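The structure appears below as structure tokens.
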Amino acid sequence: MGPLPRTLELFYDVLSPYSWLGFEVLCRYQNIWNIRLQLRPSLIAGIMKDSGNKPPALLPRKAQYLRGDIKLLRQQFQVPIQFPGDFLSVILEKGSLSAMRFLTALSLEHPEMLEKVSRELWMRVWSRDEDITEPQSILAAAEKAGMTAEQARGILEKISTPKVKNQLRETTEAACKYGAFGLPITVAHVDGQAHMLFGSDRMELLAYLLGEKWMGPVPPAMNARL
């Protein structure tokens with residue numbers, strides 16, 4: 001028996017591009033490092049409000065920087081990420097409430113589908129500039145991820161139930177309790193302590209905390225598969 005896997009919680013929202021990058025890296029490393037990855041769908045709007053933070057894109061210089069940053073990270077992380085056309089409308093007006101409720105319902109009913117459906121929602125909003133707010137959009141992402149139309153509709157019917165709404169609220173509150181002021185956050189549970197790391201660029205520090213080896217955002221085992 002080797003050491004027990006360390007639990008990592010990834011709190012994320014599909015509205016957040018850096019959440020996608022962090023998500024893909026942790027998904028790649030979940031079979032390389034001795035970890036148990038828990039995906040925790042959260043609402044970035046709730047975290048921003050609770051912490052008094054503002055979306056970085058509201059500051060023109062930051063918005064300009066983000067565009068260039070995402071372009072470079074697309075290449076480095078090998079994730080097909082690009083800015084939506086009407087970025088501010090996507091972030092500020094449309095939001096991600098229904099999508100994150102859908103992922104929350106999925107985490108309760110079909111947790112094995114959570115990774116794939118999350119990825120397909122990011123592919124829509126942060127790669128192909130497609131909607132993620134309408135029921136048909138969410139169903140399309142779920143079906144592309146491999147769910148049957150019937151399964152996907154069954155989950156969609158649950159998104160306005162108190163159970164799902166409360167679960168999303170609780171997960172978002174849990175992120176806030178860990179000290180989140182944005183997303184993604186990764187919480188590493190090591191030797192009875194919880195370490196909260198913000199952003200997708202703290203993976204080297206995460207590896208250090210875990211006593212694992214960091215091999216970049218596209219680890220060699222991954223390269224062999226690409």
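What you are looking at is a predicted structure, and each value in this text was computed from that prediction instead of being measured.
Between E115 and R119 there is a salt bridge, since at least one side-chain N of the basic residue sits less than 4.0 Å from a carboxylate O of the acidic one.
In this structure the side chain of E93 never reaches within 4.5 angstrom of the side chain of D86, judged on heavy atoms. The shortest distance between side-chain heavy atoms of D69 and Y18 falls below 4.5 Å. Proximity of P80 to W20: side-chain heavy atoms (C-beta onward) are separated by under 4.5 Å at one or more points. Using a 4.5 Å heavy-atom cutoff, the side chains of S107 and L39 are not in contact. At least one side-chain heavy atom of P184 sits under 4.5 Å from a side-chain heavy atom of S16. Within the 4.5 Å cutoff, the side chain of S42 has heavy atoms near those of the T172 side chain.
Atom CG of residue L114 and atom CZ of residue F102 lie 10.5 Å apart, to the nearest 0.5 angstrom. Between I81 atom CD1 and L21 atom CG the span is 4.5 Å, to the nearest 0.5 Å. A distance of 6.5 Å separates CG in L88 from CG in L58, rounded to the nearest 0.5 Å. To the nearest 0.5 Å, atom OG of residue S96 and atom CG of residue L121 are 9.5 Å apart. Rounded to the nearest 0.5 angstrom, E9 CD and Y178 OH are separated by 4.0 Å. Here the CG atom belonging to L15 is positioned 7.5 Å from the CH2 atom belonging to W126, to the nearest 0.5 angstrom.
The hydrophobic clustering, which links ILVMFWY residues whose side-chain heavy atoms are closer than 4.5 Å, places L108 and L168 apart. No path of Ile, Leu, Val, Met, Phe, Trp and Tyr side chains, each step under 4.5 Å between heavy atoms, connects F181 with L59, placing them in separate hydrophobic clusters. Cluster annotation: V164 and I132 are assigned to distinct hydrophobic clusters (Ile/Leu/Val/Met/Phe/Trp/Tyr, side-chain heavy-atom contacts under 4.5 Å, transitive). Placement of V187 and V190 within a single hydrophobic cluster is found when ILVMFWY residues are connected by side-chain heavy-atom separations under 4.5 Å, directly or transitively.
Under the salt bridge (charged side-chain N to carboxylate O under 4.0 Å, His left out) criterion, K158 pairs with E109, not counting sequence neighbours. By the salt bridge (charged side-chain N to carboxylate O under 4.0 Å, His left out) test, R128 pairs with E130, sequence neighbours left out.
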Step-by-step side-chain contact (heavy atoms from CB on, under 4.5 Å) determination, E120 to K116: CA-CA 6 Å; E120 289 304 335; K116 284 182 173 164; 5.7 Å; no
Walk me through whether V90 and D131 qualify under side-chain contact (heavy atoms from CB on, under 4.5 Å). CA-CA 8 Å; V90 165; D131 174 71; over 6 Å; no
Test side-chain contact (heavy atoms from CB on, under 4.5 Å) on K94 and S89; report intermediate values, then the result. CA-CA 6 Å; K94 292 185 172 175; S89 154; 4.2 Å; yes
Check against side-chain contact (heavy atoms from CB on, under 4.5 Å), R67 and F87: CA-CA 10 Å; R67 283 181 185 275; F87 172 62; 4.0 Å; yes
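Between the side chain of Q38 and the main chain of L8, no donor-acceptor pair closer than 3.5 Å is present. Listed for the T7 side chain is no donor-acceptor partner under 3.5 Å among the backbone atoms of H189. In terms of modelled atom types and a separation under 3.5 Å, the side chain of S51 and the main chain of I47 share a donor-acceptor contact. A donor-acceptor distance shorter than 3.5 angstrom exists from the side chain of R28 to the backbone of P217, with no hydrogens or angles considered. A distance-only check finds a donor-acceptor pair linking the side chain of N166 to the backbone of P162 [under 3.5 Å]. Judged purely by atom type and a 3.5 angstrom limit, T148 uses its side chain to pair as donor or acceptor with the backbone of Q151. Within the 3.5 Å criterion, the main-chain N or O of I35 finds no donor-acceptor partner in the side chain of R6.
Taking all atoms of both residues into account, the shortest heavy-atom contact from V14 to V125 is O-CG1, 3.6 Å. Nearest approach of P84 to D129, heavy atoms of both residues: CB-OD1, 3.3 Å. For the residue pair P56 and K62, the shortest heavy atom distance occurs at O-CB, 3.2 Å. In plain terms, the two heavy atoms of M113 and A145 that are nearest each other are CE-O, 3.3 Å. Closest of all the heavy-atom pairs between L66 and A57 is CD1-N, 4.2 Å. What you find for G95 and T133 is that their closest heavy atoms are O-CG2, 3.8 Å.
Within a 6.0 Å sphere centred on CD of E112, heavy atoms belonging to other residues, nucleotides or ligands number more than 12.
Checking each of L73, L72, V79 against Q76 for a side-chain contact (heavy atoms from CB on, under 4.5 Å) leaves exactly one that passes, namely L73. Tested against F23 for a side-chain contact (heavy atoms from CB on, under 4.5 Å), the candidates L10, T186, L37 yield a single pass: L10.
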Distance-only check: which donor-acceptor pairs under 3.5 Å involve side-chain atoms of residues 193-215, not counting sequence neighbours?
unit_1: E212; atom_1: OE2; unit_2: N34; atom_2: N; d: 2.9

